[in-house]
Amino acid sequence: MLLGVLALLLTSPLAGAAHAQASGSPAQAVIALKGQFAEKSSVLFAQKARTGRASDGALTVTHGKHQFAATTGVYASDITEVFTVGHASPMPFRMINIGPDTYTQSYSDDLPAGKKWNHWRNKEAFLWTQNLVDALNPKFLQLISGNAEKVPTKDRYDGVPTVRYDGSVEVGLLGSRQAGIYYGERMGDWSGGRITWKLWLGPDSLPRRFQAETVYEPHGPDQKADAVRINVLYKGWGTPVHITAPSRKLVVEAE
């Protein structure tokens with residue numbers, strides 16, 4: 001699908017920001033996530049992403065698992081998704097990321113006999129980065145924590161009660177790639193927009209649900225604003241996860 005260094009990101013110390021927020025706030029989630037990263041923990045997730053109208057828009061249904069590392073956050077992922085446009089036939093896709101290495105299977109692949117995976121190295125479109133619109137991205141949580149508004153709720157996800165925060169933020173740049181929606185400073189003719197979000201956090205301040213609508217500014221007076229809506233559920237924090245690369249005999253180097 002699913003998104004340089006961003007001047008928009010906050011640079012104040014995380015601990016000070018967290019103490020200024022209520023327990024379970026996005027600022028506290030930054031600390032909780034970094035704790036999971038340090039423990040090389042993991043999480044399971046399921047996501048839906050929609051663009052356009054239901055009749056002729058696109059729907060991407062994704063599920064998978066992430067493994068964390070202390071310095072990089074999301075270090076390894078195993079993701080399966082199905083992409084559908086309008087009433088066309090669903091198009092399946094699978095991706096395994098381990099550090100800088102990506103292995104993909106696509107409905108459009110034309111692989112040699114006996115091969116089942118393409119291998120890519122440092123392919124930016126596939127790799128997790130720290131400018132993604134994602135509740136597992138501490139820098140994004142820092143960005144939205146300043147105007148987060150607590151909303152009363154009795155919602156339960158992953159078997160635990162949650163605290164919900166809502167908000168919106170304008171950014172100078174919005175774009176999308178396989179890894180997700182990304183944001184940053186305005187660059188040339190690239191357009192920015194607004195991110196409107198909702199975040200549900202458990203008693204441990206870890207994300208359990210995340211919703212976001214990203215509305216892209218139109219490029220010209222004759223164009224309409226484009227929007228992407230995502231809904232993500234997280235569960236099984238700390239569930240043992242082991243992500244491995246496919247057998248070398250099944251892999252071909254992508255061109």
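Predicted, not measured: the structure shown is a model, and the values here were computed from it.
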Enquirer: What heavy-atom pair brings V74 and S77 nearest, and what distance separates the two atoms?
Expert: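 Residues V74 and S77, closest heavy atoms: CG1-OG, 3.4 Å.
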Enquirer: With rounding to the nearest 0.5 angstrom, report the CH2 to CD distance, W117 to Q105.
Expert: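 So the CH2 of W117 and the CD of Q105 are separated by 4.0 Å.
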Enquirer: I'd like to know whether V252 forms a side chain to side chain contact (heavy atoms under 4.5 Å, CB included) with H119, so could you lay out the CA-CA distance, the side-chain angles of the two residues, the decisive distance to 0.1 Å, and finally the verdict.
Expert: CA-CA 6 Å; V252 63; H119 172 245; over 6 Å; no
Enquirer: Look at the side-chain heavy atoms of Ile, Leu, Val, Met, Phe, Trp and Tyr, link any pair under 4.5 Å apart, and say whether I79 and Y75 land in one connected group.
Expert: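 No: no chain of side-chain contacts under 4.5 Å links I79 to Y75.
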Enquirer: Please list, chain by chain and in numerical order, all residues satisfying side-chain contact (heavy atoms from CB on, under 4.5 Å) with F37, sequence neighbours excluded.
Expert: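 In terms of side-chain contact (heavy atoms from CB on, under 4.5 Å), with neighbours along the sequence ignored, F37 is linked to L33, F68, P138.
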Enquirer: Sub-3.5 Å donor-acceptor pair from the side chain of N97 to the main-chain atoms of W128, do we have one?
Expert: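 No; zero donor-acceptor contacts below 3.5 Å.
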Enquirer: Count I, L, V, M, F, W, Y as connected when their side-chain heavy atoms are under 4.5 Å apart, and connections chain through other members. Are L111 and F126 then in the same cluster?
Expert: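 No, because L111 and F126 fall into different hydrophobic clusters, even though each may have its own neighbours under 4.5 Å.
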Enquirer: Please round to the nearest 0.5 Å and tell me the distance separating atom CG of L174 and atom CZ of R194.
Expert: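 Atom-to-atom, L174:CG and R194:CZ are 11.0 Å apart.
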Enquirer: Tell me if a side-chain donor or acceptor on Q130 pairs with a main-chain N or O of K139 at a distance below 3.5 Å.
Expert: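 No; judged by distance alone, with no hydrogens or angles, the pair does not exist.
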Enquirer: Looking only at side chains, do Q178 and E124 share a donor and an acceptor under 3.5 Å apart?
Expert: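 Note: Q178 and E124 side chains miss the donor-acceptor criterion.
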Enquirer: With side chain to side chain contact (heavy atoms under 4.5 Å, CB included) as the criterion, how do M95 and T102 come out once you've worked through the C-alpha distance, each side chain's angles and the decisive distance to 0.1 Å?
Expert: CA-CA 7 Å; M95 178 170 69; T102 302; 3.7 Å; yes
Enquirer: Would you say NZ of K65 has more than 12 non-hydrogen atoms from neighbouring residues, nucleotides or ligands within 6.0 angstrom?
Expert: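 Counting neighbours around NZ of K65, more than 12 heavy atoms of other residues, nucleotides or ligands fall under 6.0 Å, so yes.
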Enquirer: The criterion is side-chain contact (heavy atoms from CB on, under 4.5 Å); which residues satisfy it with Y157, sequence neighbours excluded?
Expert: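 Here the qualifying residues are D155, T162, W200, R208, R209, L233.
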Enquirer: With no hydrogens and no angle check, is any side-chain donor or acceptor of S42 less than 3.5 Å from a backbone partner on T239?
Expert: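 Pair found, side chain donor or acceptor close to backbone of T239.
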Enquirer: Kindly say whether K249 contributes a backbone atom to a donor-acceptor pair with the side chain of K115 at under 3.5 angstrom?
Expert: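 Yes; at least one donor-acceptor contact below 3.5 Å.
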Enquirer: Which atom names give the shortest non-hydrogen contact between Y183 and N137, and what distance separates them?
Expert: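 Closest approach of Y183 to N137, heavy atoms only: OH-ND2, 4.2 Å.
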Enquirer: Please round to the nearest 0.5 Å and tell me the distance separating atom CD of Q28 and atom CG of L201.
Expert: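 Going from the CD atom of Q28 to the CG atom of L201 covers 10.0 Å.
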Enquirer: Ignoring hydrogens and angles, tell me if any N or O in the side chain of Q67 forms a donor-acceptor pair with the backbone of S41 under 3.5 Å.
Expert: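 Such a contact is absent between Q67 side chain and S41 backbone.
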Enquirer: Mind running side chain to side chain contact (heavy atoms under 4.5 Å, CB included) on V163 and T153 for me, showing each step along the way?
Expert: CA-CA 7 Å; V163 177; T153 179; 5.9 Å; no
Enquirer: Between N147 and S168, is there a donor-acceptor pair closer than 3.5 Å when you use the side chain of the first and the backbone of the second?
Expert: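 Yes.
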Enquirer: Can a donor-acceptor pair be found, under 3.5 Å and without considering hydrogens, that links the side chain of Q142 to the backbone of V30?
Expert: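 Such a contact is absent between Q142 side chain and V30 backbone.
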Enquirer: Minimum heavy-atom separation for P246 to V251, with atom names?
Expert: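 Looking at all heavy atoms of both residues, the closest pair is CB-CG2, 4.0 Å.
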Enquirer: Between L141 and A29, what is the shortest heavy-atom contact and its length?
Expert: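 In terms of heavy atoms, the two residues are closest at CD1-CB, 3.8 Å.
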Enquirer: Quick one: pull up OH in Y103 and OG1 in T244 and give me the separation to the nearest 0.5 Å.
Expert: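 Reported to 0.5 Å precision, the distance equals 9.5 Å.
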Enquirer: Starting at CZ of R164, measure out to CD of E149 and round the result to the nearest 0.5 Å.
Expert: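 The CD atom of E149 is 9.5 Å from CZ of R164, to the nearest 0.5 Å.
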Enquirer: Measuring centre to centre across the rings, with the benzene-like ring taken for any Trp, is H66 within less than 6.0 Å of F45?
Expert: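 Ring-ring flag for H66/F45: true, centres closer than 6.0 Å.
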Enquirer: Pairing donors with acceptors under 3.5 angstrom, does anything connect the side chains of S106 and T104?
Expert: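 Side-chain D/A pair, S106 to T104: absent.
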Enquirer: Could you walk me through whether S176 and Y216 pass the side chain to side chain contact (heavy atoms under 4.5 Å, CB included) check?
Expert: CA-CA 11 Å; S176 63; Y216 299 73; 4.0 Å; yes
Enquirer: Quick one: CZ on R229 to CD on Q211, what's the gap to the nearest 0.5 Å?
Expert: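 Between R229 CZ and Q211 CD, I get 11.5 Å after rounding to 0.5 Å.
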Enquirer: Answer yes or no: is there a donor N or O on one side and an acceptor on the other, between the side chain of D158 and the main chain of V160, under 3.5 Å?
Expert: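 A pair under 3.5 Å: no.
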Enquirer: Can you classify the ring geometry of F140 versus F210 as parallel (below 30°), tilted (30 to 60°) or perpendicular (above 60°)?
Expert: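 F140 and F210: perpendicular rings.
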Enquirer: Ignoring hydrogens, what is the shortest heavy-atom contact between A148 and P26? Give both atom names and the distance.
Expert: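 Looking at all heavy atoms of both residues, the closest pair is CB-CG, 3.8 Å.
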Enquirer: Nearest heavy-atom pair of A32 and D204: which atoms, and what distance?
Expert: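 Of all heavy-atom pairs spanning A32 and D204, the closest is CB-O, 3.5 Å.
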Enquirer: Test of understanding: with side chain to side chain donor-acceptor pair (under 3.5 Å), list the residues that count as partners of Y234, not counting sequence neighbours.
Expert: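 Side chain to side chain donor-acceptor pair (under 3.5 Å) list for Y234, sorted by chain: D134.
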